[in-house]
Each structure stands twice: as structure tokens, then as C-alpha cells.
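Just so we're clear, the structure is a prediction, and the values are computed from it rather than from any experiment. Along the sequence shown, residues are numbered consecutively beginning with 1. Worth knowing before you read on, the calculation uses all heavy atoms, side chains too, and leaves out hydrogens, waters and symmetry mates.
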Amino acid sequence: MTPVTSPRAGALGVPRHLRYTWDPEWLIVDGGNATVGVTAFAVQALGEVARLTLPAPGTWVEAGEACGEIGSPAAASAVYAPASGEVLEVNPALAEDPGIVNSAPYTAGWLFRLRVENIAGALTAEAYAAYCDTRGDRR
């Protein structure tokens, strides 16, 4: 997995094998299922993740709509569904240690998995890195 780097991406990079949304979520589709998480840029901007509210298994989520919340002691942000579908599983490790999202946002810090029905406008790694650069964002 080679990350895309950009002037703003720094050491975090943007993994090439993932797809991204205009919001700070990523997804990877395997067959008809997707694993969803938030980008390193998002968690860096948020700070130390201390709490998560995620959709329960069996819940239907719509692409682009808020389906949860991620929070630090100083701020909170909505989690948006990058695709429509039924939530199959929530990362059980995050219940005990939501900080895993900070240390491994693209691997062990994944948020949930869903059976994908519709993916709306997923960006390539290159497009997402360019988007962050043009905004001056650290997402």
C-alpha cells in the first residue's frame, strides 16, 4: 500500500487502495461489502478521540447522511455514511479504546462494515489529497 503524499499530507499520506468522500470518511469495497473509517487528517484535526457513536448492526444508512458521531474532549464531528446500505458490524475494539482511531485510522481503527447498495461519488486517493490541498485542510 503506497500512500499518496502531498505538501499538506506530511507523514500521514493517503492510502491509494481506499476511496474517500468529500467528508473525511474512507471506504474499501470487497465484494458487496464495505469497511468504513475516518481519515488521518480528520482525526488529527479533531484531536484525541475519546468517544464514538456508531450505527448499530442492522441499521440502514444513506450515502452522505450523518450516521454517528466522533468526539474528542474539545470537539465533536458527525460521521457520514460514504455509501448506502445495511450496517453489518461495528468495530468491537473501539468500545474499549476509541483512541485506536488516532493510532491506526486506516487499519485497526475502522468504524463499521456495511452491505453496500449505493456508493455516492467516492474519490480516488489522488483526488482526495488534491482536495485537501486546495482547501488548505489537514483532514
Please report the closest heavy-atom contact between Gly37 and Leu111, naming both atoms and the distance.
CA-CG, 3.9 Å
Please give me the minimum heavy-atom distance between Val116 and Ala34, naming the atom from each residue.
CG2-CB, 3.3 Å
Please tabulate, for the side chains in residues 66-75, all donor-acceptor contacts under 3.5 angstrom to protein atoms that are two or more places apart in sequence or on a different chain.
{"unit_1": "Ser72", "atom_1": "OG", "unit_2": "Leu46", "atom_2": "O", "d": "2.9"}
{"unit_1": "Ser72", "atom_1": "OG", "unit_2": "Ala74", "atom_2": "N", "d": "3.2"}
{"unit_1": "Ser72", "atom_1": "OG", "unit_2": "Ala75", "atom_2": "N", "d": "3.1"}
{"unit_1": "Ser72", "atom_1": "OG", "unit_2": "Ala75", "atom_2": "O", "d": "3.4"}

Donor-acceptor pair, side chain of Asn102 and main chain of Gln44, under 3.5 angstrom:
no
Quick one, [X] and [Y] - any side-chain contact, counting heavy atoms below 4.5 Å?
| X | Y | value |
| --- | --- | --- |
| Ser84 | Trp60 | yes |
| Leu94 | Trp110 | no |
| Asp30 | Thr35 | no |
| Val87 | Leu54 | no |
| Thr39 | Glu25 | no |

Same cluster or not: are Leu88 and Val29 linked, directly or through other Ile, Leu, Val, Met, Phe, Trp or Tyr residues, by side-chain heavy atoms under 4.5 angstrom apart?
no
Are Val43 and Val90 joined in one hydrophobic group, where the rule is that I, L, V, M, F, W and Y side chains link up if heavy atoms are under 4.5 Å apart?
yes
Trp26 vs Tyr106 aromatic rings, parallel, tilted or perpendicular, using cut-offs 30° and 60°?
tilted
Please assess Leu52 against Val101 for the test side chain to side chain contact (heavy atoms under 4.5 Å, CB included), listing each intermediate value before the final yes or no.
CA-CA 10 Å; Leu52 287 163; Val101 174; 4.2 Å; yes
From Ile100 atom CD1 to Thr107 atom OG1, the distance as rounded to the nearest 0.5 Å
9.5 Å
Got a sec, which pairs hit salt bridge (charged side-chain N to carboxylate O under 4.0 Å, His left out) with one end in residues 81-108, sequence neighbours left out?
Glu86-Arg115, Glu89-Arg113
For Leu18 and Leu27, run side chain to side chain contact (heavy atoms under 4.5 Å, CB included): C-alpha distance rounded to whole Å, both residues' side-chain angles, the deciding distance at 0.1 Å, then the answer.
CA-CA 6 Å; Leu18 303 176; Leu27 77 156; over 6 Å; no
